[in-house]
Participant: 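Dropping the structure in here first, questions after.
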There are 2 protein chains.
Amino acid sequence: MTLGAVKIAKGPETLAGVLRDDILSGAIEPGASLAPERALVEQTGLSRATVREALRILETEGLVISRPGRNGGARVQPVNDNGVAKAVQFLIRGRRLDNATLRETREVLEGATARLAAERRTAADLAEIAAISARLEAAIDDLPRLAEENARWHIAVAQAGHNPLLTAFMKSIAAAISHPSGDAHPELPREGRAALIKAHRRVVEAIQARDADAAERRMLRHLRAYEPRTRGK
Amino acid sequence: MTLGAVKIAKGPETLAGVLRDDILSGAIEPGASLAPERALVEQTGLSRATVREALRILETEGLVISRPGRNGGARVQPVNDNGVAKAVQFLIRGRRLDNATLRETREVLEGATARLAAERRTAADLAEIAAISARLEAAIDDLPRLAEENARWHIAVAQAGHNPLLTAFMKSIAAAISHPSGDAHPELPREGRAALIKAHRRVVEAIQARDADAAERRMLRHLRAYEPRTRGK
DNA sequence: AGCATAGTTTTGGCCTGACCATTATAACAT
DNA sequence: ATGTTATAATGGTCAGGCCAAAACTATGCT
């Protein structure tokens, strides 16, 4: 019988594991504070440095944030999708993933979320999307603002699909696409901006009409409108 | 003008940020070691505790692993998709995402990767899938082994799609689906196992024939075959 | 020569104890 | 009441040490 490499859990990781389980299982509610560092030292018999490294692990994982001062301490955060986005950013930067891969992934995700949005959107979802659309259309001549509201619009559509995983994935790559290598937003001409608004409207109409096929089709058409002409590898 | 909360970078995070940039930019190659802790202490003027917390951050992010002993130290790891999988696990556990969401997400991802696999698979991809299929078919009466090879098969198909992001997303949820709340594998009857093998074969045939529509269709049919009868929310 | 064995060195892992910085509360003075 | 000044609680950082693990080096026995 062969054994794989046995992972030896070190002190900080062991303590972090215990606390992590308490957080993810809900035994410690979001908003509540962990015991102060010095109390953890007494309870665990570990040194303060070790306890602090454990807390640093949890903080890096996004499960707590630490604040100094009286009534400070490590406060449990509600689990959100920032951690996924961060890990995806690492993957994109570290593996030098190209824009074609990002766009392709985005099409898969947004095609699916547009379809789901048409099937599941609530009145509140529609209101949220409409509010963003109004702000976006008002910002047609303010390019940075337009780009910002555009990102919000796509995220709102994804959220209307009510699948938290697909939403998380979509947000992860949306962040990478809006900041293409730190560069500013490419000069989209004014007629392009008008076309964007029109395309959004058509997608929203399909979602409102609960027409899943149309929502997916129009979203994909919208996304593909901005691809470089050099398509078809 | 209103300002958002200004994020004050603490010592460890600042140092981690510098090192992280060096790693993600490729200035430090995977496999290479960071300077020893005591050297970083001298170079930065920080204390050893601070330096260690910085390294712990990088270790938690999966960018380095630290090993004791001579020639030990913090070794830079190639960036992989484990970090994404870990963050997704947190999201699933912390937000109590249900199996319906996981299955739905899986269908979106695997439908897309099956399609891409048909378009892009290389001879090496096909060989890899064939090897796994052979092992899987040989393990038809060894349920744990079957489940393991089944997971490998789906991952191999995703990889044949040559989109690292979609592959990472798919692996992230595949891990959660194979371990449904720690329970063992449900007793799939023998004829179900035979049907699984047949379904796999049909998918592979489509991928081999570069028939993207058929690959997607057959993969979705395969995935939906195991859903509970209570469909349609 | 060859090979086991025992140092030696490098490096992370952990501990003790201290002091500083920040924040909220309590006490006090006006 | 209200503004100001302690005081306490808590994380942030530092200094210095010792232990544990791992790799290299020298030794000594065949």
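Here the structure is a predicted model, which means the values were calculated and not measured. So you know, we letter chains A, B, ... as the sequences are listed, proteins then strands, and number each from 1.
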Participant: Please check: side-chain N/O of A:D125 versus main-chain N/O of A:T122, any donor-acceptor pairing under 3.5 Å?
Facilitator: yes

Participant: According to salt bridge (charged side-chain N to carboxylate O under 4.0 Å, His left out), does anything in residues 162-171 of chain B pair up with another residue at least two apart or in another chain? List the pairs.
Facilitator: B:D81-B:K171

Participant: Going through the checks in order, is the salt bridge (charged side-chain N to carboxylate O under 4.0 Å, His left out) test met by A:E107 and A:R103?
Facilitator: CA-CA 6 Å; A:E107 286 177 18; A:R103 276 196 308 269; 5.8 Å; no

Participant: Could you write nucleotides 6-15 of chain D as a row of B, S and -, 5' to 3', where a protein heavy atom under 4.0 Å of any base atom gives B, of only sugar-phosphate atoms gives S, and otherwise -?
Facilitator: --BBBBBBB-

Participant: Could you tell me from which nucleotide to which nucleotide of DNA chain C, 5' to 3', there is an atom under 4.0 Å from chain B heavy atoms?
Facilitator: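 Nucleotide range with atoms under 4.0 Å of chain B: C:dT9 to C:dC14.
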
Participant: Looking at every heavy atom in both A:G26 and B:R96, which two are closest together, and how far apart are they?
Facilitator: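 Taking every non-hydrogen atom into account, N-NH2, 3.6 Å.
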
Participant: Among residues two or more places apart or on two chains, list those pairs meeting side chain to side chain donor-acceptor pair (under 3.5 Å) that have a residue in residues 133-142 of chain B.
Facilitator: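 Pairs touching residues 133-142 of chain B that pass the test: B:S133-B:W153, B:R135-B:E149, B:E137-B:R201, B:D141-B:R190, B:D141-B:R193.
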
Participant: With sequence neighbours excluded, what pairs up with B:S47 under the side-chain hydrogen bond (donor to acceptor under 3.5 Å, both in side chains) test?
Facilitator: B:T50

Participant: Report the residues that fulfil ring-ring contact (aromatic ring centres under 6.0 Å, His included) with B:H222, sequence neighbours left out, ordered by chain and then residue number.
Facilitator: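 Residues passing ring-ring contact (aromatic ring centres under 6.0 Å, His included) with B:H222: B:H154, B:H200, B:Y226.
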
